[in-house]
Number of protein chains: 2
Amino acid sequence: MDTDVLRAVLDGRFADVRERARREFPADLFGPIDHLGTAEQRALTTARLRVLADLGGHELGFSPRHGGGGSPGGHVAQFEVLGFGDASLMIKSGVQWGLFGGAVQALGTERHHAELLPPLLRLDLVGCFAMTESGHGSDVASLGTTATYDPAAREFVVHTPDESCRKDYIGGAARDADVAVVFAQLVTGGERRGVHAFVVPLRGPDGADAPGVRRDDDGRKAGLNGVDNGRLWFDSVRVPRTALLDRYAQVAEDGTYSSPIASANARFFTVLGALVKGRVSVSGGAISQTKVALEIAARYALRRTQFARPTTGREPGARDRRGEEVVLMDYLAHQRRLLVPLAGTYALSFAQQELVDEMDDLLRVQLAGGDPDPARQRAFEAHAAGLKVATTWHATRTIQTCREACGGAGYLSDSRLPQLKADTDVFTTFEGDNTVLLQLVAKSQLTAYAQQFSDLDTLGTVRFATRGFVSALAGRSPARSLVADVVEAGRAPDDLHDRGWQLRMLAERERHVVESLARRVRKARSRPDQEAFEAVDGLQDHLLLAGRAHVDRVVAEAFAAAIARTEDPAVAALLGEVLDLHALALLEAEKGWYLEHRRMTTLRAKALTRAVNEQCRRLRPRTEELLAGLGIPRHWLASSLVPGSTAPGTTSPGATA
Amino acid sequence: MDTDVLRAVLDGRFADVRERARREFPADLFGPIDHLGTAEQRALTTARLRVLADLGGHELGFSPRHGGGGSPGGHVAQFEVLGFGDASLMIKSGVQWGLFGGAVQALGTERHHAELLPPLLRLDLVGCFAMTESGHGSDVASLGTTATYDPAAREFVVHTPDESCRKDYIGGAARDADVAVVFAQLVTGGERRGVHAFVVPLRGPDGADAPGVRRDDDGRKAGLNGVDNGRLWFDSVRVPRTALLDRYAQVAEDGTYSSPIASANARFFTVLGALVKGRVSVSGGAISQTKVALEIAARYALRRTQFARPTTGREPGARDRRGEEVVLMDYLAHQRRLLVPLAGTYALSFAQQELVDEMDDLLRVQLAGGDPDPARQRAFEAHAAGLKVATTWHATRTIQTCREACGGAGYLSDSRLPQLKADTDVFTTFEGDNTVLLQLVAKSQLTAYAQQFSDLDTLGTVRFATRGFVSALAGRSPARSLVADVVEAGRAPDDLHDRGWQLRMLAERERHVVESLARRVRKARSRPDQEAFEAVDGLQDHLLLAGRAHVDRVVAEAFAAAIARTEDPAVAALLGEVLDLHALALLEAEKGWYLEHRRMTTLRAKALTRAVNEQCRRLRPRTEELLAGLGIPRHWLASSLVPGSTAPGTTSPGATA
């Protein structure tokens, strides 16, 4: 099998961007930083960001009229390649060109684009994204910072009413940012209009803090110490009327408020939806960092031996072979620890690819000044939320496993695993807390379900039970239709490797969980008001299960669709084996649910465990190919556990630094 | 309920040692260190170790004839209290007085005790424990360092034959240690005698490296950077014949080898068994650090609000209550995240208490120069291995959950959660890799099973199925017998809260898993030699399951026994509720196995989920009491997330350090 072809399949639509980055990123862009003090880490990361600014790639996300490349998917692809390197640099670039630049692009209009995009792309203007407040994280609608319009001065007055409303954890706020996009409650004519975004300079021309602006440092963090997170307070800071990023709402000189979106609620979600690219990027970055950890741990396991090969002592010569030690990767327990998450990482990569492609379609419309189809946009947002949850928890779990699989050696900074672990940890709670996001996913499933239920009367129940449900929440590509056919064909197989059966099991679980959830929600809503909280809160674990079931299904289907698109038969065959391992291990992990709901016999549940073990054995000899397919240049691994993986000039961090 | 009584119950037999430590440890002993560079962290930790040396407590673990206190359990209790503070200090003290001092005490004889114990207790002699080699971690029997006896000079020649045999990850080896206990293959008269321990000076009187000794630094690590881990090489280093710690084997002047233990294998395991206190200490330290993380996250969740209380909008006045935000701890999902691991932490604490009490009994015999009952010693070692696995994985998982439950605030060093996470991470792989240890536990279960099987003919099968199996592997205290009665009484209850049913379910699972494992092992052993590895390796996941099932059962029983011992009815009642949550959540998590093996109906499985939710609700109002029971002085929490928990002079680490 040609691993270049495998890599190209994983690279997908934006393969050229990825190849260029692999070729052009200089060798010293990614050296380790965790042996340095906080100030040095920040300085080095900022210097590296400047190198990136000159190399380009980030401009792909922006409007071509102002120096952009008009390829939002390409921008995310470049970000994903950055994820093979140091995460501080990746997140720093994400703050500048994803969050800050992205907000200007998505929420601003021509005036803002013309004025801000060229300097921010060149890094002549460094910005930050000031949304979260100390007291208001997940609940963005309740932000407390105000921006009150003063028609006499034709200015907004940005103000922090109390300590719970200081901006917090803002990347760039401690040091580097010259300007902030501040999310605040817009007040005009004495009326609150909800959360809007404003461009607020943090520094005067002399470099000192702008009048009324106070900034503080969040200090040392678990990881990502190359990023200068901090806090911001605004004491009646005045900005011109044009500071409002006014794509979705305008304030006239006299203070009259207008918006093309009538409902305040719809406007709020439109604004948040326009920023969803950040969430997609975090997913991609989490997958990339996971790949690095897996490649380090797996390559170590392919070399490292421990314990002599056991013998039953029954054969002559057994004693002679005793000295021969076993390679870690030959142990079943080790295969389960590393190959199952490797299969999961392949699955998530294809789901991410599908997500980025869809995002690219939608954002191209937005870049051209149009509005994407609302239904498609909503489905995409739910998809993005769910995948962000899956990829970031997968990263946290998998990188932890990789660390443990390398024993004491994996605890040393030299191995790079500690940095990968510490940096990615926060991914599960930033850009949307996973527990909150998963409930959003479940709520969008309920909406989709209600929608479908009303269609049911015409379509009939049988179609709903199988194909209808699958295609309703999935995309609409030809490969996806193919998958729906596969699912429909797989009815009552006697083969655990039957793809139709595997996918149908996942779809059935989602359907059942959502249906029963819908029933319980209806019941809870009929309760008197004083019991409403208890009633709705009692469904939280059911909501979380629904969200997980959805993502599990979507990810497996995306993998199946990618295989259906793969032309090289050897590559497709290998990917089929990988999806088998992923699907079987997932069903094994969820066997409790299947047995409880009588969707699986006890014999079949036991057979699953054997099948996962066999599939591990079958993929064991393909480990090297699967690692090569990840497409990480060897010297970017930068780990003492992988010979030849540390770039010249980036030797192991000294102990006394 | 009196939380002082609850704390006393958790403090157990060595309550006085714990109380003294809480009273006498100075306030600044535990300030954060992770904002410092590696060299500064090490220097501060070494300085704190000196404070500890003067305070005392560590001497409890040693023979009274040489300044020790003769209370090994008290020593571990003091170590556990240290676990509420900074883990670098705890581990540093563990290296000096647990590993190094412990090896001298357990493996040495009078000459070594008289010469080494007094100065090492005073910290005038700093030592390290040089067992692990770069190429030999879990497989201690295969260590490559040699100690060859030269009868002419009456010396041992300690030598590192190749790079795979350099000592690695050795705490103290990078900087502080003056002397090492080196584990090496003893060679005398041209014959290898297996692994033995030798006292080897690392420095000459002038402080320079001793001739032939080379040391290097392991550098920065994920955590525990206050401990100076390093590497050691020995180039034909000569030490006197008396350097051999000769309790279990002696070499006469002419090189004649002798040992009271005939079998080399038995000797090896006796030596390792004598060192098991280190493993017990790690368990205790892991539990303590978990408690700190849980108290920080839970106290944050009791204050922090997010999202307004939902309403169904059906009642008048509903809008007025909308502004009222919900405390995080009131959400079911948050209760499941924090209260279930809190219940698990209580369970593990009682299992640890039982383990330390048993260790104390056994080590008092050893300190008095005797040999503990071999069967009891073996059972204790298996128990210690299993509990170390359970407590350290519980720590890794729980501290991660605590971090996530605090969102961005939990990612800041100020919260202390990053340090807790980074420090405890290595616990899962040091003092025995968890995956390897769990297989040892399973092997000892198989031995116990085979033993019991031969007893069965006389006792009859019915007894085996219930009480026999439980009491065979458990301890023999009166409270334990009481628990066995409870288990026997619980046959076919219709109440999920029936303690007998809960414990019987856990015992049944273990019995079934071990029985089927025993059958498969017999079959695998009958295979021809060339298939032996595959056959035995194919059982690895079954072995791991057996180990887990054993520990799950032992821990729950220990909790039940502790409740049986508790005299205060209010405290016993609360602990009963906590054990209910622990047992129900455990059975829920394992429902796949129970359903698969037809030990649970699908209705009962669904009822379990509801019961866990209800039990969370029931314990929610008791959270503060349960936290107070943990017995952590408020100012030791040292977290920005808990008001009033940072000691004076230990303010938040600066960002630019």
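FYI, side chains are in, hydrogens and waters are out, and symmetry mates aren't considered; it's all heavy atoms of this structure. A, B, ... follow the sequence lines: proteins, then strands. Residue 1 opens every chain.
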If we define contacts as heavy-atom pairs under 4.5 Å, which of A:G538, A:S164, A:S134, A:G223 has the most with chain B? A:G223
Applying the salt bridge (Lys or Arg N to Asp or Glu O under 4.0 Å) criterion to A:D537, which one of B:R309, B:R620, B:R617, B:R336 satisfies it? B:R617
Can you tell me how far [atom2] of [Y] sits from [atom1] of [X], rounded to the nearest 0.5 angstrom?
X: B:D218; Y: A:S640; atom1: CG; atom2: OG; value: 10.0 Å
X: B:T428; Y: A:Y411; atom1: OG1; atom2: OH; value: 9.5 Å
X: B:F533; Y: A:F307; atom1: CZ; atom2: CZ; value: 12.0 Å
X: A:L412; Y: B:D168; atom1: CG; atom2: CG; value: 7.0 Å

Out of [options], which one racks up the most heavy-atom pairs below 4.5 Å with chain A?
options: B:G137, B:S142, B:A141; answer: B:G137
options: B:L544, B:L224, B:D228, B:L332; answer: B:L332
options: B:N225, B:D330, B:T609; answer: B:D330

Take A:K221 and B:D414 through the test side-chain contact (heavy atoms from CB on, under 4.5 Å) and record every step on the way to the result. CA-CA 8 Å; A:K221 305 185 297 289; B:D414 269 359; over 6 Å; no
Chi angles and distances behind the salt bridge (charged side-chain N to carboxylate O under 4.0 Å, His left out) call for B:D425, A:K421: CA-CA 11 Å; B:D425 180 9; A:K421 212 166 95 74; 3.4 Å; yes
Segment of [X] engaging chain B (4.5 angstrom heavy-atom cut-off):
X: A:A422; answer: backbone
X: A:Q41; answer: neither
X: A:R403; answer: side chain

If every non-hydrogen atom of [X] is compared with every non-hydrogen atom of [Y], which pair is closest and at what distance?
X: A:S413; Y: B:A222; answer: OG-N, 4.3 Å
X: A:R304; Y: B:G135; answer: NH1-CA, 3.6 Å
X: A:Y169; Y: B:A409; answer: OH-CB, 3.2 Å

Measuring heavy-atom distances to chain A, does B:E588 have an atom under 4.5 Å in its side chain, in its backbone, in both, or in neither?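 The answer is neither part of B:E588.
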Is there a donor-acceptor pair closer than 3.5 Å between any side-chain N or O of B:Q306 and the backbone N or O of A:D139? yes
Under the side-chain contact (heavy atoms from CB on, under 4.5 Å) criterion, do B:H597 and A:K606 qualify, and how do the steps go? CA-CA 9 Å; B:H597 294 83; A:K606 289 179 183 171; 3.6 Å; yes
Side-chain heavy-atom pair [X], [Y] within 4.5 angstrom cut-off:
X: A:R337; Y: B:T435; value: yes
X: A:D433; Y: B:E404; value: no
X: A:N613; Y: B:D541; value: yes

Can you check side-chain contact (heavy atoms from CB on, under 4.5 Å) on A:E325 and B:H136, steps first, answer last? CA-CA 11 Å; A:E325 284 192 347; B:H136 313 97; 4.3 Å; yes
Salt bridge present between A:K591 and B:E596 (N-O < 4.0 angstrom):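 Judged by the 4.0 Å cut-off on N to carboxylate O distance, A:K591 and B:E596 do form a salt bridge.
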